[in-house]
Amino acid sequence: SVHPRASWSSDSEESDSSGAECLYRVVLLGDHGVGKSSLASIFAGIQEKDAHKHIGEDTYERTLTVDGEETTLVVMDTWETEKQEEDEKWVQDYCMQVGNAYVIVYSITDRSSFESASELRIQLRRIRQAENIPIILVGNKSDLVRCREVAVEEGRACAVVFDCKFIETSASLHHNVHELFEGIVRQIRLRRDSKEA
Ligand code: GDP
Ligand code: MG
């Protein structure tokens with residue numbers, strides 16, 4: 001277990017007011033090479049020692065203070081595996097099931113990754129039909145202006161169609177990366193608070 005006092009958040013546990021700390025699993029989705037692992041390691045603060053707990057190979061836990069309140073996110077960079085195809089399918093099914101929030105990443109320099117992002121959004125909607133889970137569409141590599149294949153407006157329009165949030169980031173420049181994770185925390189809270197009301 002990750003944390004002795006922690007309880008995983010799920011629909012049935014969310015109303016638990018025992019004071020136990022809640023963890024929210026944030027799953028990164030997207031094609032190979034779009035920058036998922038780069039975003040995850042910035043989240044984890046890889047350079048800053050002790051700022052985070054490195055749980056497994058690809059899973060990072062960190063408590064963020066957003067708007068004066070603490071929330072612990074567990075970011076899962078587990079979408080891509082180096083294992084055999086059968087295992088990959090199992091892992092990907094698992095990823096689709098366990099997230100409390102999703103970050104769907106594409107690269108603004110790679111149109112096919114943008115198309116994959118739409119497919120992932122559709123897949124997620126099918127698998128988690130009845131649930132109102134926070135999803136953020138991320139156009140990464142915004143620093144590579146000369147190689148841009150996907151316009152900001154296209155990303156924004158896609159997010160409107162898919163009813164999710166949108167942000168462009170640059171993992172290389174650390175631009176908008178903290179804003180991304182803060183945005184996830186706010187989305188999680190909005191849903192939690194509207195459930196409590
Ligand atoms: P993943 O396969 O989705 O995990 O992608 P990685 O995080 O491994 O990144 C793939 C490659 O893209 C690496 O060489 C990164 O250095 C590079 N990369 C990731 N994010 C950015 C970015 O925002 N800007 C630029 N210029 N390169 C990036
Ligand atoms: Mg990776």
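Each ligand, and each atom within it, is numbered from 1 in the order the structure gives.
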Tabulate below the donor-acceptor pairs under 3.5 Å that side-chain atoms of residues 153-164 make, not counting sequence neighbours, or state none.
from, atom 1, to, atom 2, distance (Å)
Glu154, OE1, Arg111, NH2, 2.9
Glu154, OE1, Ala151, N, 2.8
Glu154, OE2, Arg111, NH1, 3.1
Glu154, OE2, Arg111, NH2, 2.9

Begin from the C-alpha positions of Tyr94 and Lys89 and carry the test side chain to side chain contact (heavy atoms under 4.5 Å, CB included) through to its verdict. CA-CA 8 Å; Tyr94 178 74; Lys89 179 159 181 354; over 6 Å; no
For Arg148 and Glu168: C-alpha separation, side-chain torsions, deciding distance, then whether salt bridge (charged side-chain N to carboxylate O under 4.0 Å, His left out) applies. CA-CA 12 Å; Arg148 183 185 279 277; Glu168 279 200 352; 2.9 Å; yes
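Cluster membership check: Ile104 does not share its hydrophobic cluster with Ile122, using side-chain heavy-atom separations under 4.5 Å among Ile, Leu, Val, Met, Phe, Trp and Tyr.
For the pair Ile167 and Thr169, the minimum side-chain heavy-atom distance is below 4.5 Å.
Counting only protein N, O or S atoms, the number found under 2.8 Å from the Mg ion (ligand 2) is 1.
Between Phe43 and Phe181, the two ring planes are tilted [angle within 30° to 60°].
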Nitrogen or oxygen contacts under 3.5 Å, ligand 1 side and protein side:
from, atom 1, to, atom 2, distance (Å)
ligand 1, 2 (O), Gly33, N, 2.7
ligand 1, 2 (O), Glu80, OE2, 3.3
ligand 1, 3 (O), Val34, N, 3.3
ligand 1, 3 (O), Gly35, N, 3.0
ligand 1, 3 (O), Lys36, N, 2.8
ligand 1, 3 (O), Lys36, NZ, 2.8
ligand 1, 4 (O), Ser37, N, 2.9
ligand 1, 4 (O), Ser37, OG, 2.8
ligand 1, 5 (O), Gly35, N, 3.0
ligand 1, 7 (O), Ser37, N, 3.4
ligand 1, 7 (O), Ser38, N, 2.8
ligand 1, 7 (O), Ser38, OG, 2.6
ligand 1, 12 (O), Lys141, NZ, 3.1
ligand 1, 20 (N), Asn140, ND2, 3.1
ligand 1, 23 (O), Asn140, OD1, 3.3
ligand 1, 23 (O), Lys141, N, 3.4
ligand 1, 23 (O), Asp143, OD1, 3.4
ligand 1, 23 (O), Ala171, N, 2.8
ligand 1, 23 (O), Ser172, N, 3.3
ligand 1, 24 (N), Asp143, OD1, 2.7
ligand 1, 24 (N), Asp143, OD2, 3.4
ligand 1, 24 (N), Ser172, OG, 2.8
ligand 1, 26 (N), Asp143, OD2, 2.8
ligand 1, 26 (N), Ser172, OG, 3.4
ligand 1, 27 (N), Ser172, OG, 3.3

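In this structure, a donor-acceptor pair under 3.5 Å is absent between the side chains of Thr72 and Arg62. For the residue pair Arg191/Gln187, the side-chain donor-acceptor check at 3.5 Å is satisfied.
Screening residues 28-44 for salt bridge (charged side-chain N to carboxylate O under 4.0 Å, His left out), with sequence neighbours left out, gives Lys36-Glu80.
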